[in-house]
Each structure stands twice: as structure tokens, then as C-alpha cells.
2 protein chains.
Amino acid sequence: MKYIEKLRNAGLRPTKQRLKICEFLFDTQKTFHFTINDLFNKIKKHSKNKISLATIYNTVRSFEKKGYLKQIPINSNQTYFDTNISDHHHFYDLKEGKLIDLENSDVGPINILKKINGKKIKSVEVLVKLEG
Amino acid sequence: MKYIEKLRNAGLRPTKQRLKICEFLFDTQKTFHFTINDLFNKIKKHSKNKISLATIYNTVRSFEKKGYLKQIPINSNQTYFDTNISDHHHFYDLKEGKLIDLENSDVGPINILKKINGKKIKSVEVLVKLEG
DNA sequence: ACACTTTTTTAGAATCATTATAAACTACGA
DNA sequence: TCGTAGTTTATAATGATTCTAAAAAAGTGT
Ligand SMILES: [Mn+2]
Ligand SMILES: [Mn+2]
Ligand SMILES: [Zn+2]
Ligand SMILES: [Zn+2]
């Protein structure tokens, strides 16, 4: 299995559940955005052995901590995750409630002129809200 | 009272509670960031007549809808609001869990090169995460 | 394979921010 | 002052997330 190494490298035991979740998250060509509930339902629908909601939460949190997933800063009642872990930005279509990737190359270089004493910039994320 | 007009203009009746909340939000020189709980506690502590939590929620939502407040897109279990409604950005100090304003003039001009068919850009917000 | 320890999974309970409800209260125009 | 629509409030409901603790699985050494 191609994900056993990946999990081991991150210090995560390659369990049946984690491998299944990896398939759903990382086997696709395209990256995508999802909520825990999205993922839970997709797995329940397309897999015969169901995975408990608690495990989905635990695993997604672990993957996020290990850098396999990113959280997307957005105002929503649920947390959105991204399988695209590259440095990039987002459109947020307010009417549809959908996120769309905005690659770094689609945004001019961002220059943060203000410095905060003793602090280092970890990330710069742009959220572009769309209407109409 | 200086806020009566403001509320009337927005189609909101100037009630005792709304005027009190206006004082706490808009009487200061400096703008600030807050959660509903922050505001509820501040009012409870510094005002003799308490305002119910439900009213704080209702009023803040009304103010946000009318453009008197802005929501800040950030990953947190609670919603953050901003009394600074100008077009601006934020640092997010991950260790302290605090937001710091980043004025538009402190960020180079942001050029969104990608266009989404039929959609108009409503806002462009930058979140700069700080570590260390 | 077996015994033993540690980690993981799981169902269900707990937590907590937010929203809904519905009865009492208030603003305000007639 | 009356009547009505809008507002406030205590409280209940909702719903995402986290916690708990017991069962299951994985890893380790023999
Ligand atoms: Mn979120
Ligand atoms: Mn928020
Ligand atoms: Zn993305
Ligand atoms: Zn701000």
C-alpha cells in the first residue's frame, strides 16, 4: 500500500481506517476542500466498512498536524480542510458557499511591510469573497 | 444621543440596549477585535443594567448586516468581530491567539489575476499568521 | 503462535457557541 | 392613550467538536 510509508514517516500507525481515509483524501488527481461531515458521508456512501465519526475527527486532526492537510480560515460554522497543502489562496463564493483555489501565481506578490517584534511570518493567506 | 441617528438610518429602533452596546463598541478612540463573549462580559462588568446574551447576539448580527461591524475570517471556535470596518488585514499571533490590524498601506497592492465568470470581487482579506 | 503492552477505534456522553422559541416588554405612530 | 409591530429575555434546542472509557487492533518479545 502506497500510504503505509507516508503514515509511518509521520509516526502514525497504518491502521485500516487511516489507510481508507488516505484513499479518499489523496487518491484523486485533483485536490479538494471538505468538511468533516463531507468526508464522513462520502466514506459511508462509497465504502462498505464504515468509519466512526470520532475516528474521522481524530485522523483529520492528525493529518493536519503532520501537514498532510490544511485548515482554511473562513467564517463558517464548520471547519474547512484542504487537501491542497501548497501555499495558495481562495475565492469564497458567498452565494454558493463554495471555495475555489487561487494559486499563488494568480495573485501578485504580497509584501507585508509591517513587522511585529519577535514574531516570524508563518503564512500569508488571502481570502477573496465573491458576490453576484 | 449620538447613536440614535445612526441606528435610525439603518432602520434599527434606538432601544436602551442597542444604545448601550453602541457606547461599548463605538465610543472608543481605537477600534478593536472581540468575540460575543468578550462583549457580553465587558458590558456586564462595566454597566449596571445587564443585557441578555441573546440580545448581544441579535444586535451584533444586526450591526454586522448593516456594516457597522465586520466579521474576521479566522479558524477559531468562536466568531471574531472588528469595530474597524475599513478595508484592512490582520496578523494572527498563533501563540497569544491575538489579532493585530494590518492596514492596507502596510501591504503592497494585491492584484487578483484570476477571474471567475459572472462573479464580482466583494473583498480581499489577508491573514498573516505569526509564530515565535 | 502466544502473552503482554500500547495505541487506536468506537459509541455515546459532554461541551460549548450559536440560534430558535415564545412570552413579556417597549417604541412609536395614529 | 391605544394598538401593533418590533425588541428583549430566559430558556430550550441545535449542531459541531471534544471527551470518555471500554473493546479492538497493532506492535513487541519470546
Ligand atoms: Mn473554520
Ligand atoms: Mn470565525
Ligand atoms: Zn485550496
Ligand atoms: Zn481589524
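Keep in mind the model is a prediction, meaning the values are calculated, not measured. Quick note on labels: first sequence line is chain A, next is B, and so on, each numbered from 1.
- Within residues 7-15 of chain A, the residues having any heavy atom closer than 4.0 Å to DNA chain D are, in order of number, A:Arg8, A:Arg13, A:Pro14.
- With sequence neighbours excluded, the residues that form a salt bridge (Lys or Arg N to Asp or Glu O under 4.0 Å) with B:Glu131 are A:Lys120.
- Heavy atoms of other residues, nucleotides or ligands lying less than 6.0 angstrom from NZ of A:Lys114 number more than 12.
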- Under a 4.0 Å heavy-atom criterion, the protein footprint on nucleotides 10-20 of chain C, written with B, S and -, is BB-----SBB-
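- When DNA chain D is scanned in the 5' to 3' direction for atoms under 4.0 Å from non-hydrogen atoms of chain A, the outermost contacting nucleotides are D:dA16 to D:dG27.
- Inter-residue side-chain proximity for A:Gln78 and A:Asn37 is flagged as met; some heavy-atom pair is nearer than 4.5 Å.
- At its two ends the helix from C:dA1-D:dT30 to C:dA30-D:dT1 runs along axes set 30° apart, each axis drawn from five pairs and the angle rounded to 10°.
- Distance alone, capped at 3.5 Å, places no donor-acceptor pair between the B:Thr55 side chain and the B:Ile51 backbone.
- Between the side chains of A:His88 and A:Asp101, at least one donor N or O lies within less than 3.5 Å of an accepting N or O.
- Salt bridge annotation for A:Lys129-B:Glu125: present, with a cationic side-chain nitrogen under 4.0 angstrom from a carboxylate oxygen.
- Residues meeting the side chain to side chain contact (heavy atoms under 4.5 Å, CB included) test with A:Asp27, sequence neighbours left out: A:Lys2, A:Tyr3, A:Glu23.
- To the nearest 0.5 Å, atom CG of residue B:Asn49 and atom NZ of residue B:Lys44 are 14.5 Å apart.
- Around atom NZ of B:Lys98, no more than 12 heavy atoms belonging to other residues, nucleotides or ligands sit under 6.0 Å away.
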